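So that the names make sense, note that chain A is the first sequence line, chain B the second, and so on, each numbered from 1. Just so you know, these numbers come straight off a predicted model, no measurement behind them.
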Number of protein chains: 2
Amino acid sequence: MWSPSETPRPEQPTGRQPTVLMTAVKAGRVNQGRVLQALHDLGPLSRADLARLAGVSRATIGSIVQPLLERGLLAEGEPQRGATPGGKPARPLWFAPDSPPLAAVHLVPGWVEAALVSADGRILAAASGRFRVTAPAATVVDCVVDRLNAVLAGSAARALGVGIAVGGIVESTSGTIVACNLMPELSGLPLGPLVSERVDLPVHLDLHPRAQAIGDRWSGPGRGEQSFASIYIGEAIGAGLFLNGAIHCGPAGAGGEIGHTVVDVRGRTCRCGQRGCWETIATRDWLREEAARLRLPAAQAMTTALLAGLSAAGNADAKELFERYAHNLALGVVNLQQILAPGLFILHGDVIAGGEALRGRVERQARSQLPPRSAAEPQITFGSAHDRTTLLGAAGLVLSQSFPLVG
Amino acid sequence: MWSPSETPRPEQPTGRQPTVLMTAVKAGRVNQGRVLQALHDLGPLSRADLARLAGVSRATIGSIVQPLLERGLLAEGEPQRGATPGGKPARPLWFAPDSPPLAAVHLVPGWVEAALVSADGRILAAASGRFRVTAPAATVVDCVVDRLNAVLAGSAARALGVGIAVGGIVESTSGTIVACNLMPELSGLPLGPLVSERVDLPVHLDLHPRAQAIGDRWSGPGRGEQSFASIYIGEAIGAGLFLNGAIHCGPAGAGGEIGHTVVDVRGRTCRCGQRGCWETIATRDWLREEAARLRLPAAQAMTTALLAGLSAAGNADAKELFERYAHNLALGVVNLQQILAPGLFILHGDVIAGGEALRGRVERQARSQLPPRSAAEPQITFGSAHDRTTLLGAAGLVLSQSFPLVG
DNA sequence: CTGGGTATGTACGGGCTTCTGACATACCGA
DNA sequence: TCGGTATGTCAGAAGCCCGTACATACCCAG
């Protein structure tokens, strides 16, 4: 039961994308999505609150919310007194504790993690497993389905669907892994349909940084934000761009390859073949090389946490390197801000260990590098340390697909 | 009668953006916009064609189109025989020759151009004027209104509205010019409301590169494209980003400042204070400096056309510089492609004079700099030489605002 | 000249959604 | 016990899209 929910119509007179019209029922789904989003953004709200928020009548909100209550996705909380005396107390709406859960998978080279997530973002069950990077595709699929079945077994209610986040290049419309540098066996694998058939649930496949961005939006620092960039800085660098209320996705799932934007055209050669990619000066590898050059202690095991410690302890070389690393990180942020002006940048991965010392430095650097005329100063935030964001985002993929926010 | 058409609701419980819901009538407007877009993309189409294109019944298209016919925006053409024999000949729909026109203004330092544009993108009348860059704001407003009245007088039908494209930083929601480096007198000027009051028409103000992108979309190489970047390369560099069927606009109208993204962090200092902005190696100024360094003939008046000529004539230095310039241009394109993957890049401004020789070089350079795994190779196109695109785009602003394509 | 075939445009009822106004409900305080 | 106030709901109306059926217009074969 493979269901990308929007199968492209088979034949079009021209080669371009079809013109798609708005329908009453589509409008209804969009509105349901907007209400869910508002609840996620602002916490439990009564129908009256939602009506004021959207500028519509309470009756309208009632009719939008009704199907969600009947499906068991939402539930009414205890009546609560408002600030003003008098009046009927409002019954806040919130995600039902026993709502149909969402299944999520995070697949990276050699490792897979599956989880069952409640609609309000709590992880109900989790299971993970390792596999050989060189394992054949079938083994990987088995591993994914195994872990998925393990977490699905823990729930009496049938899950709404499965979201899969993959590190690599994917085509989300067909659910196919186009390429995966570190697991070449998976290239061309239609993982979405395969898993969908085995677990008999709709499956949504997408890029890891994009899922991460959705996770930030649903239950991270991006909550309630209209635009932000969610950047992963680890062995590689990628970004999920949330722009004007929707995750950005180029043709065939491209985009977000911010790690391979050139910032130092005469710099060192990147493994992608280009010179001076951001990755060459902003990943841990760069940090360790520079640390070794400066003969810092434990250079080969250098982390942002260690460096922050050395810097705070007064090591001049470490201090300089720390500042330079912040500068390098800020470079990519600044470029993105100039182009898209998301305003908010949520950093994940290795940098998080650098803590407030690093965050503040990056933010200061970024702001000083931007022209003062910029209306809103960009804000830098770190994701949470125990990084379940991607997993939550994978779950959010299911909701995003079920309730599209934009027509 | 200032009308940004979507005045934000006055008071919200929270500080964030309001939740906005979909309405039947909104859906109707969106569908009207989609139909107009399809017509603009594909030329005159019958109702049956449109129905097939959108996958809906002919009756639906009929009801969508009816109000547009009654408003005089569209008209039925002569019955035309289809390819197959038999059947009632289709009556193609197209923009009415006597449809209500759109007014457009292009305002740059020292110069203003106004035009009356028909709905199908023909320029019906034009007027331009100069003013001193240091002139007070009132003078500039007078100049704009004068030229506007001049072109408006030529039409019996009342115009739908006025679109104004401004080189500078604007806030489109309030119609205010936030800052304008080369005309500091205009900073903070609420040009939109001022003009709207004087000509008694709704006015839509936006950034020059964004208007340019809309122009490309409505009547340029971007026609029918879902995503592309429209880049202006002149004394400065700016970009309008058309992403997934909508023009991208950051908070307060920010974004698109691609000229000040860093590509050569150890390069020369930009006037913005940063080092190695794309502008420092991709504008005409760089070209002339390098030409002078190489002692090329007419270095101080060097243009891409001249350089292309010298290169074709066999001048080795010119050839090398030409290639290097193409490389520099490609740098920005590649970065944008990595981040957003628009797939299509429409270049305007000085570079156009470089002709196919330059276009081909930039495209080749860009493709060679991108990893081969990229699904779709980026395409480079030049705008038309007699560049009326911005003016047409300013007119398109009016339509875009009247018929939003995305709910 | 006539009738079959085909494709276009339109009329009508049905379903879905939101909007408006009115009504029942629930709590507070006098 | 009775106003005052805020919440949630019900019924009717309006707007939009959808499916079907019907009138229209043309070609072509006989």
Side-chain angles (χ1 to χ4, degrees), chain A residues 9 13 19-35 44-70 74-94 403-404 407, chain B residues 9 13 19-35 44-70 74-94 403-404 407:
Chain A
R9 248 163 283 120
T19 312
V20 56
L21 297 181
M22 201 70 206
T23 315
V25 47
K26 273 187 206 165
R29 271 220 298 270
V30 167
N31 286 348
Q32 287 186 6
R34 300 247 164 102
V35 165
L45 294 173
S46 70
R47 288 168 241 252
D49 289 335
L50 287 166
R52 274 188 294 270
L53 195 68
V56 301
S57 79
R58 301 190 298 274
T60 302
I61 296 294
S63 62
I64 292 175
V65 157
Q66 192 60 29
L68 296 173
L69 287 167
E70 283 166 8
L74 295 182
E76 289 185 333
E78 285 304 300
Q80 275 192 321
R81 297 292 327 120
T84 60
K88 176 176 171 177
R91 248 170 298 269
L93 298 169
W94 189 235
F403 304 99
Chain B
R9 245 164 286 121
T19 312
V20 55
L21 297 181
M22 202 68 206
T23 314
V25 45
K26 271 188 205 164
R29 271 220 298 272
V30 166
N31 285 348
Q32 287 186 6
R34 300 245 163 104
V35 165
L45 294 172
S46 71
R47 289 169 241 250
D49 288 335
L50 287 166
R52 274 188 295 269
L53 196 67
V56 301
S57 79
R58 300 190 298 274
T60 301
I61 297 294
S63 62
I64 293 176
V65 157
Q66 192 60 29
L68 296 174
L69 287 167
E70 284 167 7
L74 295 182
E76 290 185 334
E78 286 302 301
Q80 275 193 321
R81 297 293 325 121
T84 60
K88 176 176 174 176
R91 250 170 297 270
L93 298 169
W94 191 234
F403 304 99

What do you reckon, is CD of Glu78(B) surrounded by more than 12 foreign heavy atoms closer than 6.0 Å? no
What N/O pairs connect the protein and nucleotides 14-18 of chain C at under 3.5 Å? Give each pair on its own line.
unit_1	atom_1	unit_2	atom_2	d
dT18(C)	OP1	Asn31(A)	ND2	2.7

Between [X] and [Y], what is the shortest heavy-atom contact and its length?
X        : Y         : answer
Val30(B) : Met22(B)  : CG2-CE, 4.1 Å
Gln32(A) : Phe403(A) : OE1-CE2, 3.3 Å
Ala90(A) : Ser46(A)  : CB-CB, 3.5 Å
Lys26(B) : Leu21(B)  : NZ-O, 2.8 Å

In whole angstrom, give the distance that lies between atom [atom1] of [X] and atom [atom2] of [N].
X        : N       : atom1 : atom2 : value
Lys26(B) : dC19(C) : NZ    : C1'   : 13 Å
Ile61(B) : dC16(D) : CD1   : P     : 14 Å
Arg91(A) : dG8(D)  : CZ    : C1'   : 7 Å
Gln66(A) : dG8(D)  : CD    : P     : 12 Å
Leu93(A) : dG8(D)  : CG    : C1'   : 11 Å
Leu74(B) : dG9(C)  : CG    : C1'   : 16 Å
Leu69(B) : dG9(C)  : CG    : C1'   : 12 Å
Leu50(A) : dA6(D)  : CG    : P     : 18 Å

Taking the side chain of Ser57(B) as heavy atoms from C-beta outward, which of dG19(D), dG9(C), dC26(D) is closest to it? dG19(D)
Ala90(A) has a side chain; which of dT7(D), dG21(C), dT8(C) sits nearest to it? dT7(D)
Any Leu93(A) side-chain heavy atom under 4.5 Å of Leu69(A) side chain: yes
If only side-chain N and O atoms of Arg58(A) are considered, is one of them under 4.0 Å from the OP1 or OP2 phosphate oxygen of dT25(C)? no
What nucleic acid atoms does Ala48(B) come within less than 4.0 Å of, heavy atoms only: base, sugar-phosphate, or nothing? sugar-phosphate
With sequence neighbours excluded, what pairs up with Ser63(B) under the side-chain hydrogen bond (donor to acceptor under 3.5 Å, both in side chains) test? none
